[in-house]
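Supplied in structure tokens, the structure appears directly below.
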Amino acid sequence: MLDLKYIRENAERVKQAVLHKRENADVDALLELDVKRRELIGKVEGARAEQNKVTEKIAQMKKAGEEATSVIAEMRQLAESIKKMETELKTIEEPIYQLLIRIPNIPHDSVPVGGEQDNVVYKTWGQLPEQDFQPLPHYEIAEKLGIIDFGRASRMSGSFFVSYRGLGARMERALINFMIDMHVEKHGYVEVFPPFVAKREAMFGTGQLPKLEEDMYRCELDDLFLIPTAEVPVTNLHREEMLHGDDLPIKYTAYTPCFRREAGAYGKDTRGLMRIHQFNKVEMVKFVTPESSWDELESLLSNAEDVLQALELPYRVLTLATGDLSFAAAKCYDIEVYARGINKWLEVSSCSNYLDFQARRASIRFRRDKGAKPEFVHTLNGSGLALPRTVIAILENYQTDEGTIHVPPALRKYMGVDLIK
RNA sequence: GGAGAGGUGCCAGAGUGGUCGAAUGGGGCGGCCUGCUAAGCCGUUGUAGAUGUAUGUCUACCCAGGGUUCGAAUCCCUGUCUCUCCGCCA
């Protein structure tokens, strides 16, 4: 959420952001209502001031034993008109709020304008594997080795659910531990194990609601949502809190499963692990001071890259163009790992800086020093990493012509084996 | 699931419907005192909005939202969260 005052003073910039992000939010309607609102507030508060004065007088008269009925009768009218104005104010404030929460964050100047095709390659790392045979796509080799079960999972839970088995299941667990350990021991994050469901307010705080209601699984009876990412529960850990400047930056890492309905995504990435309703992910979340957030974004990115480097998987980093940026983000890097079997770059991480957008929605503030003014923190998060596509890359890039899979050296300690056969 | 108790400022904790933004204590901050520390003494201590830039004025906020009233921290209703007990359960 943006500051209404900021929108008022930078209307053109905000309109441009809406356009570039391909959102439809009506900035003009918002500003128009805002003028009306402030007019009305002036009136209401004037009347209130009057009411407060007279009310005080009535108290004094009563104390002195004087007759106050005529004054009270007058005040009854004033009270009524105040009530009327307040009702009017509310009927204006509601649409203002509805418009305001639908205005997206403003992309940073370094973000290319345009759609998906305008994403810019920021860097690449590693050599594309050169083997003299064509490896099988992950879904075939995984099925052959019996480490992932697509059919039974679908029978039980529907399509786009999978069940891991044997060394497949073990690899999930190994990857999770490997990634978390790295972020904790090497990168200095604090491990968190949050709830996997969250309330509406929490979903609003990080910006999933109101826009993405249809994309989430919802427990209707309790009005709870299954989290689509650990970003939600971890960022919301500090919702409505006042942090101390000395505590910043706060860095958390968390493993959670992620649940996504992927409504409207059918027909795209239909095979294997590319796009599934439930997947595992290790996430990094940071709460930082405003002046440090751009540096923190770069270090967040490198923390995520570190995982792929340790696994020796080639990847590239894209700077997302405005149209590809999420609603709440000011800038986002996507990391794409290369998968040799299906010959594709697969998104395994998004590292975003939200500036104070989420913090304002969720009211996460800090005080630099005792007595200093409260300020909103900046929040960032990035996957470190999403597992399914990392698994795809391992199964395809580490495949041998004998139909076995080498375990990446960094993972051997966690897997307990060197080879999947 | 059933029964009960409660949510007040940084913390603890008062508060009869009228001068309560809120007693008192603690903490924090500033000052005095002091060789230093402690004690003691004095002062100070919120957030947000409107107006505006003048050291200003006004408004709102005692979990949230409604209601009663000229006037609500105080009365009523609903929601929510926390705690205790019973039941159930890994």
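Everything numeric in this text was worked out from a predicted model, so none of it was measured. Below, chain A is the first sequence line, B the second, and so on; all start at residue 1.
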Against the side chain of A:Ile41, the closest entry in B:U59, B:G49, B:C70 is B:G49

Quick check, are the ring centers of A:Phe357 and A:Phe327 under 6.0 angstrom apart?
-> yes

Should the ring pair A:His187 and A:His183 be called parallel, tilted or perpendicular, given that the plane angle runs from 0 to 90° and is split at 30 and 60?
-> tilted

Report which part of the nucleic acid A:Arg200 touches: base, sugar-phosphate, or nothing (heavy-atom distance under 4.0 Å, all strands).
->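 Nothing, no nucleic acid heavy atom in range.
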
Write down the distance separating the P atoms in B:C20 and B:G27, rounded off to the nearest Å.
->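 One P to the other, the span is 26 Å.
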
With the side chain of A:Arg367 defined as its heavy atoms from C-beta on, choose the nearest nucleotide among B:C70, B:A50, B:G46.
-> B:G46

First locate atom CD of A:Glu116, then atom CG of A:Leu320, and finally report the distance between them rounded to the nearest 0.5 Å.
-> 9.0 Å

With rounding to whole Å, what would you report as the distance between B:G30 and B:G9 at their P atoms?
-> 25 Å

Do you know which two heavy atoms are closest between A:Gly115 and A:Ala321, and how far apart they sit?
-> O-CB, 3.4 Å

Counter-base of B:G21, judged by Watson-Crick or G-U geometry with both distances under 3.5 Å = none

Minimum-distance pair of heavy atoms, taken over all atoms of A:Phe287 and A:Leu248 |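 That would be O-CD2, 3.5 Å.
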
Are any of A:Arg38's side-chain N or O atoms less than 4.0 Å away from OP1 or OP2 of B:A50?
-> no

Could you state the CE-C1' distance from A:Met242 to B:G46, rounded to the nearest angstrom?
-> 9 Å

How many angstroms lie between CG in A:Leu99 and CG in A:Asp34, if you round to the nearest 0.5 Å?
-> 11.0 Å

Going by the angle between their ring planes, with limits at 30° and 60°, are A:Phe161 and A:His277 parallel, tilted or perpendicular?
-> tilted

Nucleotide opposite B:U69 in a Watson-Crick or G-U pair, distances under 3.5 Å | none

Identify the nucleotide, in any strand shown, that forms a Watson-Crick or G-U wobble pair with B:C36, with both distances under 3.5 Å; if there is none, say none.
-> none

What does B:U78 pair with, Watson-Crick or G-U, if both distances are under 3.5 Å?
->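 B:U78 is paired with B:A64.
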
List, with names and distances, any nitrogen or oxygen atoms from the protein found under 3.5 Å away from nitrogen or oxygen atoms belonging to nucleotides 63-66 of chain B.
{"residue": "B:G66", "atom": "OP1", "partner": "A:Lys90", "partner atom": "NZ", "Å": "2.6"}

For atom P, what is the distance between B:U80 and B:A48, given to the nearest Å?
->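 Their P atoms lie roughly 28 Å apart.
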
Whole-angstrom distance between B:C10 and B:G67, as gauged at atom P |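 It works out to 28 Å between them.
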
Under a 3.5 Å cut-off for both distances, is B:C58 Watson-Crick or wobble paired, and to whom?
-> B:G49

How far, in whole Å, is B:G40 from B:G26 if one measures between their P atoms?
-> 8 Å

Of A:Pro374 and A:Glu50, whose nearest nucleotide on RNA chain B comes first from the 5' end?
-> A:Pro374

No-H, no-angle donor-acceptor pair, A:Glu45 side chain to B:G49 base, under 3.5 Å |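 Answer yes: a donor N or O sits under 3.5 Å from an acceptor.
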
Quick one: are the ring centres of A:Tyr217 and A:Phe225 less than 6.0 Å apart?
-> no

Determine which nucleotide pairs with B:C85, using a 3.5 Å limit on both distances of a Watson-Crick or G-U wobble pair.
->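 For B:C85, the partner nucleotide comes out as B:G2, under the 3.5 Å rule.
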
Per A:Lys373 side chain, nearest of listed nucleotides B:C70, B:U47, B:A50 = B:U47

Are A:Tyr252 and A:His238 close enough that their ring centres sit under 6.0 Å apart?
->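 Between A:His238 and A:Tyr252, which both carry aromatic rings, the centre distance is below 6.0 Å.
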
Applying side-chain hydrogen bond (donor to acceptor under 3.5 Å, both in side chains), run through A:Gln358 and A:Thr379 and close with a yes or a no.
-> CA-CA 7 Å; A:Gln358 291 182 326; A:Thr379 58; 2.7 Å; yes

Side chain of A:Asn52 - closest among B:G49, B:A60, B:G18 |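 Closest nucleotide to the A:Asn52 side chain: B:A60.
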
With the criterion being N/O to N/O and under 3.5 Å, what pairs connect the protein with nucleotides 71-81 of chain B, and how long is each?
none

Expressed as a whole number of Å, how far does the C1' atom of B:A22 sit from that of B:C81?
-> 24 Å

dist A:Leu380:CG -> A:Lys251:NZ (nearest 0.5 Å) comes out at 11.0 Å

Identify the nucleotide, in any strand shown, that forms a Watson-Crick or G-U wobble pair with B:C29, with both distances under 3.5 Å; if there is none, say none.
->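 Because both required distances fall under 3.5 Å, B:C29 counts as paired with B:G43.
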
Using the P atoms only, state how far B:G25 lies from B:C61, rounded to an integer number of Å.
->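 Between the two P atoms, the distance is 27 Å.
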
Could you check A:Ala59 against A:Arg8 and say which one's nearest nucleotide on RNA chain B is further toward the 5' end?
-> A:Ala59

Roughly how far apart, to the nearest Å, are B:U16 and B:U74 at atom P?
->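 Between the two P atoms, the distance is 12 Å.
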
Heavy atoms under 4.0 Å, any strand shown: does A:Lys43 hit a base, just sugar-phosphate, or nothing?
-> nothing

